[in-house]
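Letters A, B, ... are given to chains in the order of the sequence lines, protein chains preceding strands, and every chain is numbered from 1.
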Amino acid sequence: MHNINYIRENPTEFDNFIKTRGENPIANKIIEIDKVKRETQTILQNLLAERNQISKSIGQLKNQKKDTTHEMEKVEDIKNKINTLKELETLKDDELKAILSRLPNIPDSSTPVGATETENVFYKDWGDKPTFDFNPKLHFEIGENANSMNFETATKLSGSRFVILKGQLSKLERAITNFMIDKHTLVNGYVEMHVPYLVKEETLYGTGQLPKFADDLFTAGDDHWLIPTAEIPLTALHSNEILNINQLPMRFTSYTPCFRSEAGAAGKDTRGMIRQHQFTKVELVSLVEPQQSKEELERMLNCAEGILQDLELHYRVITLCTGDMGFSANKTYDIEVWLPGEGKYREISSCSNCGDFQARRMNTRYKQNDKNIYIHTLNGSGLAVGRTLIAILENYQTADGNVRIPKVLKKYFDNQEHLF
RNA sequence: GGAGAGAUGGCUGAGCGGUUGAAAGCACCGGUCUUGAAAACCGGCAAGGUGGCAACACCUUCCAGAGUUCGAAUCUCUGUCUCUCCGCCA
């Protein structure tokens, strides 16, 4: 959510910013609605003050057993005016909210301007592409050949975009998760949280998924929605609270399943487990003071990168351009891991600074020198577990169809050398 | 699922329908005292908004939403959540 004062004072700048995010200019319209709303409010409040005054005097007159019919008539007239003005105010307020709640965050000055993903900017990379003396297979070929990855049965149970992992692959998924959580809690200073997978509409509004992106989500039929990422419950942990400054920064990590309808991705990545309706992810979330958030984004990125480095997987980091960035972010780094089977880099983590955008929507503040200031929120995958599993299969595969177990995961496998 | 009780400021907790935005205590902040600290004492301490250069004035908010009333924390209805007892149950 945007600060209306900012829009009021910098309409052109605001329009220029949201233009880079693919939105049409709208500041003038916002200001016009806001103006009518505030004018209405001023008149309304004066009438309310008058009503309160008269009501008070009625109380006093009644105490003195005096006649109040004159006052009563006066109030009756004011009441009618109050009702019409109140309706108008609510109407304008709703209009304003409808617009503001659907406008994306303003990009950080270091975010490259661009329309589509082709204009994302290379930031850095790590490691080298592995070499093979055979033709590296795709992850699902490896999994299916080992009889440990099954899409057909999953489709029988749940339809398309689901998978069943069996035996060693199921265990690998669990080992990856444990490794990530252990690293983030023991080394990186994040607090592990176990959170609900079903949340209320209000919670999704806070992080920015609603009202605009309902199509990307699954509902549970009642008033609950399935989380598309643990970012949602973690970021909202302290919504509607005023924190003490010494509580910040807060760093949370959580392992959860994520549910996404993939509404806009029909026909995309239909083979394999790259794009599923359900996947698991270890999420990182930071709640920080405003002046810390830029630094925190780099820190978070490093924490996510560290996992891939430990797993010795080659990757690159790109900075998303304004047009490709998510709704709530002001700056986003994507980490893309190398998949030799596909011969492509694939997103495995996305780390975003949301500034005060989400904090405004969910009303999370902290007190400093008697002032209440919106915090900054950040989130990042640390990492997507399913895609990490894919990366391990494709990068660590051997000519005979087996898979070497990465050094750091061996302890979860009784020091075995190979997966199968 | 059945029966009952409740929801007030950071926390605990008062509150006959009419100076109650809300007593009191705790916590917190500032000060006096002290070598320092504690104790004691004094003072401050909800949020959002509108108007105003400002001082300041006013409005809204006592779970949420409707309603009754000249006037609602206080009365009525609906919803949400919490607690206790019973039933069922991982």
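- For A/K29 and A/E32, the salt-bridge test fails: no basic side-chain N is under 4.0 Å from an acidic carboxylate O.
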Secondary structure string for RNA chain B (Watson-Crick or G-U under 3.5 angstrom, | for other-strand pairs): ((((((((.[[[..)..(.....]]].(((((.......))))).((((((....)))))).[[[[[..)....]]]]])))))))....
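- A donor-acceptor pair shorter than 3.5 Å cannot be found between the side chains of A/E192 and A/Y255.
- B/C33 and B/A47 have their C1' atoms separated by 36 Å, with the value rounded to a whole Å.
- Checked by atom type, the side-chain pair A/T229/A/K281 shows a donor-acceptor distance below 3.5 Å.
- Comparing A/Y374 and A/Q53, the nucleotide of RNA chain B nearest to each residue sits closer to the 5' end for A/Y374.
- Contact check on A/D269 versus A/R346 returns a salt bridge, with a Lys/Arg side-chain nitrogen under 4.0 Å from an Asp/Glu carboxylate oxygen.
- Separating the C1' atom of B/C29 from that of B/A46 is a span of 15 Å, rounded to the nearest Å.
- Counting any heavy atom pair closer than 4.0 Å across all strands shown, A/N52 reaches sugar-phosphate atoms only and no base atom.
- Counting only distance, with no hydrogens or angles, the side chain of A/S328 and the backbone of A/T207 share a donor-acceptor pair below 3.5 Å.
- Taking atom P in both B/A38 and B/A27, the straight-line distance is 12 Å, to the nearest Å.
- Residue contacts for A/E71: at a heavy-atom cut-off of 4.0 Å it reaches no nucleic acid atom on any strand shown.
- Between the side chains of A/K367 and A/N372, at least one donor N or O sits under 3.5 Å from an acceptor N or O.
- Atom C1' of B/C11 sits at a distance of 16 Å from the matching atom of B/C62, rounded to the whole Å.
- Think of the region where chain A sits on RNA chain B: with heavy atoms and a 4.0 Å cut, that region ends 5' and 3' at B/G18 to B/G71.
- Judged by closest nucleotide on RNA chain B, A/K37 is the one of A/L48 and A/K37 placed further toward the 5' end.
- One P atom belongs to B/U76, the other to B/G17, and the distance between them is 11 Å to the nearest Å.
- Across all strands, A/N46 comes closer than 4.0 Å to no nucleic acid atom at all (heavy-atom distances).
- Electrostatic pairing of A/D310 and A/K183 counts as a salt bridge here, judged by a charged N lying under 4.0 Å from a carboxylate O.
- Across B/A72 and B/G87, the matching C1' atoms stand 40 Å from one another, rounded to whole Å.
- Using a 4.0 Å heavy-atom distance criterion, A/K79 is classed as a sugar-phosphate-only contact.
- Using a 4.0 Å heavy-atom distance criterion, A/K367 is classed as a sugar-phosphate-only contact.
- Taking the C1' atoms as reference points, B/A40 lies 29 Å from B/A22, given to the whole Å.
- Using modelled atom types, one finds no donor on one side chain facing an acceptor on the other under 3.5 Å when comparing A/Y315 with A/E336.
- Taking the P atom of each, B/G4 and B/U19 are spaced 35 Å apart, rounded to whole Å.
- No hydrogens or angles considered: a donor-acceptor pair under 3.5 Å links the side chains of A/E289 and A/Q291.
- We find that A/D223 and A/K200 are not joined by a salt bridge, their nearest charged nitrogen and carboxylate oxygen being 4.0 Å or further apart.
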